[in-house]
Amino acid sequence: MNNKVNNKASNSANNTPTALASWMRGLARELEHQGCDASALFNEAGLDFALLDSPEARYPVPQTTVLWQKAVAATGDETLGIKAIRHITPATFHAVGLSVMASETLEQAFGRMRRFVDLVTDASEIELLSTADEFVVELKLKEGAQPAHQSTDGFLCLLANAGKGLGDASLVPLRVELCRPAPKASNLDFFEKSFAAPLKFGCNTMRIVYELAMVHTRLKGANPLIAEHLDQASQAAIERLKPASSVSKKVRTWAANRLPQGAPSIEDAAEHMNMSARNLQRKLAEEGTNLASIVDEIRQGEAQRRLKQSQDSLTAIALDLGFSDASAFSRACKRWFGKSPSEVRQG
């Protein structure tokens with residue numbers, strides 16, 4: 001009996017969280033590096049090893065958790081998640097990994113990760129918070145998602161080293177908070193060196209905290225034009241994840257056409273979908289989104305496209321995107337891109 005999963009870029013019918021199969025390529029390479037039979041372990045976990053080289057294939061997160069557990073048992077190495085990212089490249093994460101590399105600032109890079117995290121995994125979401133002097137990147141697990149500690153170790157370590165990956169090794173976090181219990185004392189130094197920041201274990205949240213001014217530093221490899229095209233590819237890939245009949249996809253199409261009349265309310269959307277507002281909110285939540293997020297994503301994508309590719313006035317763009325005035329549009333651009341509409345247009 002063959003229990004291996006062989007699904008394309010789509011979520012399973014019962015809403016089991018999934019992750020990009022290529023994300024597990026790093027684990028496979030590290031297992032091979034440590035002398036283990038990676039293919040056999042994938043097979044034991046019910047995962048099709050051949051999907052590692054399929055760009056949009058996805059694995060169910062519960063089975064990747066089983067794989068991590070088997071991998072740690074086979075190697076005796078609790079640092080496996082961090083070591084696995086040594087074999088990861090930007091292209092591992094589809095177009096979003098490459099667009100992050102072309103970002104102008106760390107804030108913008110994390111904004112792209114937040115916007116397109118579903119492409120990597122729909123088991124979690126990224127939330128960005130700012131205080132007077134700190135910038136916080138928080139990884140929040142969605143209800144029912146229970147990835148292995150090693151998986152979140154690796155992902156958070158990648159985020160914490162984003163500055164180094166983008167060409168500036170001085171862009172390091174002030175601290176990193178992890179939910180996982182503290183590793184063995186013999187592995188603690190490896191964890192701290194890998195994250196390049198003070199670590200706190202057993203926390204209620206998973207957070208990476210930066211000095212606010214640091215995430216506004218312009219990056220050397222910035223290329224806004226390339227990043228814009230890659231964003232479009234990332235959005236298209238996310239749309240392909242959704243079945244044609246998905247509620248969020250239908251709402252997105254309707255909302256994009258409705259924006260010039262102003263930001264739609266949940267009641268407006270529910271009437272269009274011929275269901276109650278509460279039912280629509282529930283269905284969108286089941287797909288991991290809500291109306292406000294859908295509208296914000298549409299506005300951000302269209303704002304970037306029109307500011308770069310048209311000479312339309314800022315007021316015209318603002319009104320077409322459903323903002324009350326140019327000032328509201330300017331505030332949104334500051335939140336999305338870290339700069340004013342005029343600065344975005346000038347590149």
I'd like to know if the side chain of [X] and the backbone of [Y] have a donor-acceptor N/O pair within less than 3.5 Å.
X	Y	result
Arg25	Leu52	yes
Tyr59	Asp48	yes
Lys83	Gly26	no
Asp122	Pro17	no
Ser99	Val96	yes
Arg258	Ala269	no
Glu125	Lys140	no
Ser313	Ala316	yes
Thr65	Gln146	yes
Gln150	Trp68	no

Determine whether [X] and [Y] make a side-chain contact, defined as any pair of heavy atoms from C-beta on separated by less than 4.5 Å.
X	Y	answer
Leu225	Asn223	yes
Leu128	Val137	yes
Ile317	Arg345	yes
Pro55	Leu20	no
Leu51	Met24	no
Leu41	Leu27	no
Leu139	Ile126	yes

Look at the aromatic rings of [X] and [Y] and report parallel, tilted or perpendicular, splitting at 30° and 60°.
X	Y	value
Phe93	Trp23	tilted
Phe201	Phe191	perpendicular
Phe42	Phe49	perpendicular
His272	Trp254	parallel

query: Counting only heavy atoms not in Lys308, do more than 12 fall under 6.0 Å of its NZ?
result: yes
task: May I ask you to check whether over 12 heavy atoms, not counting those of Asp133, lie within 6.0 Å of atom CG?
output: yes
- line: All heavy atoms of Glu177 vs all of Cys203, minimum pair found to be CB-SG, 3.7 Å
field: Heavy-atom pair of closest approach, residues Arg252 and Ile298
entry: O-CD1, 3.6 Å
I'd like to know if the side chain of [X] pairs up with that of [Y] as donor and acceptor (distance under 3.5 Å, no hydrogens or angles considered).
X	Y	answer
Asp296	Ser293	no
Asp37	Ser39	no
Gln300	Gln304	no

- prompt: Which pairs count as salt bridge (charged side-chain N to carboxylate O under 4.0 Å, His left out) when at least one residue sits in residues 213-237, sequence neighbours excluded?
  reply: Glu104-Arg218, Arg112-Asp231
- prompt: For the hydrophobic clusters of this structure (ILVMFWY residues joined by side-chain heavy atoms under 4.5 Å, transitively), does one cluster hold both Leu319 and Leu259?
  reply: no
